[in-house]
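What follows is a set of notes on a single structure, which appears directly below.
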Amino acid sequence: MTTAIEDNQLNTELQELYLLSKHWISDLEFIERELDFLKNLFGRTFSQLVEKDEFKNITNILINAAQIDKSQAELRNEIFGHLHKLEHFIDGSDQNFKINLIEKHIELEQRLDKVLLDLKSA
């Protein structure tokens with residue numbers, strides 16, 4: 001389904017989507033800083049965990065951190081791509097867009113929420 005940008009209201013809505021997406025970048029930066037903190041904290045307690053034979057916990061921490069790191073990196077790339085598409089619609093260089101643009105926006109938002117939730121559980 002294709003819709004033509006015909007009024008200022010739609011352009012305003014696209015700008016709002018753009019600003020929300022732009023905010024996600026700061027959320028991803030927060031996740032990155034928190035992962036760095038978690039890695040630093042883990043580095044300081046690693047020897048204590050080894051002494052207590054907490055290898056299962058060590059494995060879980062490492063796997064969770066790696067998965068979160070991978071997810072946030074992939075998400076960052078997709079969000080930048082999404083922002084690039086939105087820029088084309090806002091500046092008027094492309095007057096038609098498909099509804100999947102909104103679906104992609106929602107999907108990215110849900111994935112970001114999941115990464116944040118995974119970080120909290122880690």
Please round to the nearest 0.5 Å and tell me the distance separating atom [atom1] of [X] and atom [atom2] of [Y].
X	Y	atom1	atom2	answer
S21	E78	OG	CD	12.0 Å
E74	D69	CD	CG	10.0 Å
I68	E32	CD1	CD	13.0 Å
D113	L117	CG	CG	8.5 Å
E87	H82	CD	NE2	11.0 Å
F37	R33	CZ	CZ	13.0 Å

Quick one: do [X] and [Y] end up in the same hydrophobic cluster if we chain Ile, Leu, Val, Met, Phe, Trp and Tyr together by side-chain heavy atoms under 4.5 Å apart?
X	Y	result
L20	L28	no
F80	L86	yes
L119	I25	yes
L17	I99	yes

Practice problem: Could you pull out the closest heavy-atom pair between I90 and L14, with the gap in Å? | Solution: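 In terms of heavy atoms, the two residues are closest at CD1-O, 3.6 Å.
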
Exercise. For residues K22 and L83, report the shortest heavy-atom separation together with the two atoms involved.
Key: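 Answer, listing the atom of K22 first, then L83: N-CD2, 3.7 Å.
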
Quiz item: Does atom NZ of K39 have more than 12 heavy-atom neighbours, drawn from other residues, nucleotides or ligands, at distances under 6.0 Å?
Solution: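 Yes, enclosed.
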
Quiz item: Are the side chains of R76 and E29 in touch, meaning some heavy atoms are under 4.5 Å apart?
Solution: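 R76 vs E29: side chains touch.
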
Exercise. May I ask you to test the E16-T12 pair for a side-chain heavy-atom distance under 4.5 Å?
Key: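 Yes - at least one pair of side-chain heavy atoms lies under 4.5 Å apart.
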
Practice problem: Have a look at R111 and tell me which of I79, L116, I106, L75 forms a side chain to side chain contact (heavy atoms under 4.5 Å, CB included) with it. | Solution: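 Looking at I79, L116, I106, L75, the match for R111 under the side chain to side chain contact (heavy atoms under 4.5 Å, CB included) is L75.
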
Quiz item: Among Y18, F89, W24, which residue meets the ring-ring contact (aromatic ring centres under 6.0 Å, His included) test with H105?
Solution: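 Result for ring-ring contact (aromatic ring centres under 6.0 Å, His included) with H105: W24.
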
